[in-house]
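Shown next, in structure tokens, is the structure this report addresses.
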Amino acid sequence: MAAVRRLLAFLLLLLQAIAAASSDAQHLLAARSALHDPDGALAGWGAGSGRGLPCRWARVSCANNSTAAIAGLDLSKLSLGGGFPSALCSLRSLELLDLSANEFAGPLPACLAALPALAHLNLAGNNFSGEVPPEWGAGFRSLLALNLVQNLLSGEFPAFLANLTALQDLSLAYNMFAPSPLPEKLGDLTDLRVLFVANCSLNGTIPSSIGKLKNLVNLDLSTNNFNGEIPPSIGNLSSLEQIELFSNKLSGSIPVGFGSLKRLRSLDISMNWLTGEIPEDMFTPPVLASVHMYQNNLTGRLPATLGMASSLSDLRIFANQLSGPLPPEFGKNCPLQFLDTSDNRLSGPIPATLCTSGKLKQLMLLDNQFEGAIPVELGQCRTLNRVRLSSNRLSGLVPPEFWGLPGVYLLELSGNALSGRIDPAIAGANNVSKLLLQDNRFTGALPAELGTLANLQEFRASNNCLSGPLPQSLANLSLLYNLDLSHNSLSGEIPRDFAKLKKLTLLDLSDNHLTGNVPPELGEIVMMNTLDLSNNELSGQMPAQLQNLRLTHFNISYNKLSGTLPVFFDGLQYQESFLGNPGLCHGFCQSNDNSDGKWHTTIKLVFSIASVAMIILSLGLAWFCYKCRIYKMNASELDDEKSNWVLTSFHRVDFSERAIVNSLDENNVIGQGGAGKVYKAVIGPQGEAMAVKKLWPIGVESKRIDTFEAEVATLSKVRHRNIVKLACSITNRVCRLLVYEYMPNGSLGDMLHSAKRSILDWPMRYKIAVNAAEGLSYLHHDCKPPIVHRDVKSNNILLDAEYGAKVADFGVAKTIGDGPATMSIIAGSCGYIAPEYAYTLHVTEKSDIYSFGVVILELVTGMKPMALEIGEMDLVTWVSANIEQNGLESVLDQTLAEQFKDEMCKVLKIALLCVSNIPNSRPPMRSVVSMLLDIKEENKPKLKVEELAI
Ligand SMILES: *[C@@H]1O[C@H](CO)[C@@H](O)[C@H](O)[C@H]1NC(C)=O
Ligand SMILES: *[C@@H]1O[C@H](CO)[C@@H](O)[C@H](O)[C@H]1NC(C)=O
Ligand SMILES: *[C@@H]1O[C@H](CO)[C@@H](O)[C@H](O)[C@H]1NC(C)=O
Ligand SMILES: *[C@@H]1O[C@H](CO)[C@@H](O)[C@H](O)[C@H]1NC(C)=O
Ligand SMILES: *[C@@H]1O[C@H](CO)[C@@H](O)[C@H](O)[C@H]1NC(C)=O
């Protein structure tokens, strides 16, 4: 009997289980049919042998397989869309629901709050909008973690969530709540471990009840509008590991008490209005590793506890008004990696112990009053990669080993009183790309070893006491674009080999004692923009070859030039360039004797004939060598006997693949990018130029992301006046070429961030912004499926002969509808990457719009996206911080702002919309275009009248 009862009970249970399972399964299927699943990620539900038993379905888990009640549903990152599928509210056993990083939209469901077991709810990274349902304040009895980060939620900050007393994790950051205070009642959530409410438009003061959250580990209130003081009660939160209060309007001084936070690892209170001294106990927490206090108004001396901190690795206190010395043995007791004290009033010596742990990577002490010598010990610090000591009072010799640190890419010592020679040990600094030594007291000759620094791009040593000749070896610096050795005592001739410096845009050798001729070969440096040889002792004729250069600044005044000035230089723009050369005559040289004059003319004639003959001869020779070279190239990689070229054309082309292949000469290289080299090819009967991109050979690695397939597939579909036109692709077994229209004025980035920037006045910049916006708008709105560029930056915006802009380089572009939009490989470039990448790795058009916003900021401010001049910030951070403090106009490019201030401010505002932290509040590209156009329309009301007439 008992056995039968047991059997019956068992059968009953089984039936219940099957009923629960099948009804949960039905709810899941109902949910699936209500949502948009473009990739078919859930297509397998309900099929196969596990039919009816959802525990085995993808992304579904059960607490107990025999009852088959669904406990967990993880649908994150599946590109799902549509409204919230309300059938999910019927899964009564649900404990975990994760819909994060999808495209869900519409209101949040009130019904979820009724689920009795729900403990973890993650809806982050969607487009949910509207208010948080008030019902949520009365339900959710077992909710432990609520994550709504990065949606479009609006209305008042949901203060009633303070009712959910079981909560351990409350994350509401990056939404669009109306300005509201943080509720005092939040102090009731005593189990809270994570409070993440960054960027929630919170205002008022930080409630001191926060001091009741004894279990809090991570407190992030950053990027809000909190004012008032930091509540001292934070010092009671003994579990805290991380405090993020940056980018608020907090004032007053930092409270005493952080010293008792025994678990604190990271503190960021940067970008506030804090004043007063840093409290004495600030650096006592034993595991404190990272302290950011930059951009405040802190004063006074650094506390002695700094010298005893044992875990500190990252200290950024730049842009304050701190004074006094660094602790004498700073670095001896801690694993210091990153130190930025720039822009303060610190004084005393640089401690010799900074690199005792052997970990120091970045040392930024610029704009202070440090004095004494650079410690010898720093010469042993082989981990250093970024060194900025400029604008201090440093003196004495630079330790020889310090010159030769192998990892350093930026060595900035300018604006001190350093002396001695530039040591030949500098040969060891083979990573250095910027060497800035100007305004010191360096003496002696430039060491020939400088010529071995293959990565050197910028070398400035003006205003020193350097003597001796210019080393020939400098001509080997093939990446050098900036060479400024003015105001020294250099002598000897300008090496002819300098013509090999093909990247040079600025050459300033003024105020030295250079002698000999001006080398005609300088005319071969076609990138040159600024050439200053003034105040030397150069003699001989002014070489006509220099008229090949497109110089915006040219000065050769106060030398000893003689002979006739080439007619080209008679123009108005050069009238100051040749002053103080008494032997130089404009037009025809005066001559006393007529017959003498005739004699000269005859000689001239003979010379001219001879030179024409020479030119023809050399051209012939050059052609011969060229052919030889092509022949040699053909023998290897480009051999078309072994591998046939295939030309696929997308537009009408009137050249042969042979002509293109023949033009791939190293002398024609005009650029190099992640995907390959770019050549300029002059082909066709009219000497038409094309740009040929030769992709790196297909290797093991490049198979992963084959940019060729991606680019061709994308570009061949795309036709728009503001998109760089792909004429054809040419491939053989090993080699892949893309032939584009040639853009004679190069990239916007090169133009804007070099000496050539003065060419780009505001009307041109405005036109560039509009053109590029139209190109992107076409990709986003007019292509089917839409195309996300994924690497929008000023270097990918090219300029035609009229400085019209076209969008280029779809190396990483991917159509949105083509496979999952969430990519595992991070695309994009430093300074342009939208913040949401950090949370979701989720790529949408909105990321392009952010990057485009950065490009507009570059146009308006003239700054680089990651510029050295702006501390350790990217351009977006710098612009917002400056606008906050000094207003819109303070960030405009001052060289243009005079005349175009209003228009520039309007464009700036559009840029700020584009770089909004919240992806969905960035305007679509189509609106960006019309907003940009509207700016001009206001200036030209006539245009509208004309339109009406049509
Ligand atoms: C699963 O559920 C069955 C039936 O309710 C129960 O007997 C069993 O103990 C449960 N198993 C676990 C691991 O909870
Ligand atoms: C339920 O079954 C699945 C797949 O058969 C298994 O992975 C899981 O561990 C099981 N869960 C429990 C709680 O037994
Ligand atoms: C929060 O809880 C209190 C009391 O427990 C209740 O009176 C109030 O209605 C709740 N708030 C909301 C928004 O449900
Ligand atoms: C917060 O901002 C709103 C809107 O600007 C304002 O009405 C309110 O008074 C502010 N609250 C506090 C506490 O500053
Ligand atoms: C910082 O202090 C300076 C000088 O005392 C003052 O001009 C400036 O407005 C202050 N800045 C802030 C943000 O408080």
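One-based numbering, in listed order, for ligands and for the atoms of each. Position 1 is the first residue of the sequence; numbering continues from there.
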Tell me: protein heavy atom nearest atom 13 (C) of ligand 4, and distance? Gly204 CA, 3.6 Å

Do me a favour and list the nearest non-hydrogen protein atom to atom 4 (C) of ligand 4 with residue, atom name and distance? Pro179 CB, 3.8 Å

Are more than 12 heavy atoms, taken from residues, nucleotides or ligands other than Gln899, located less than 6.0 Å from that residue's CD atom? no

Donor-acceptor pair, Asn102 side chain versus Leu75 backbone, under 3.5 Å? yes

Any chance the side chains of Tyr832 and Glu858 put a donor and an acceptor closer than 3.5 Å? yes

Who's the nearest protein heavy-atom neighbour of atom 8 (C) of ligand 4, and how far? Asn203 ND2, 3.9 Å

Hey, can you tell me if Phe140 and Trp136 have their rings parallel, tilted or perpendicular (30° and 60° cut-offs)? perpendicular

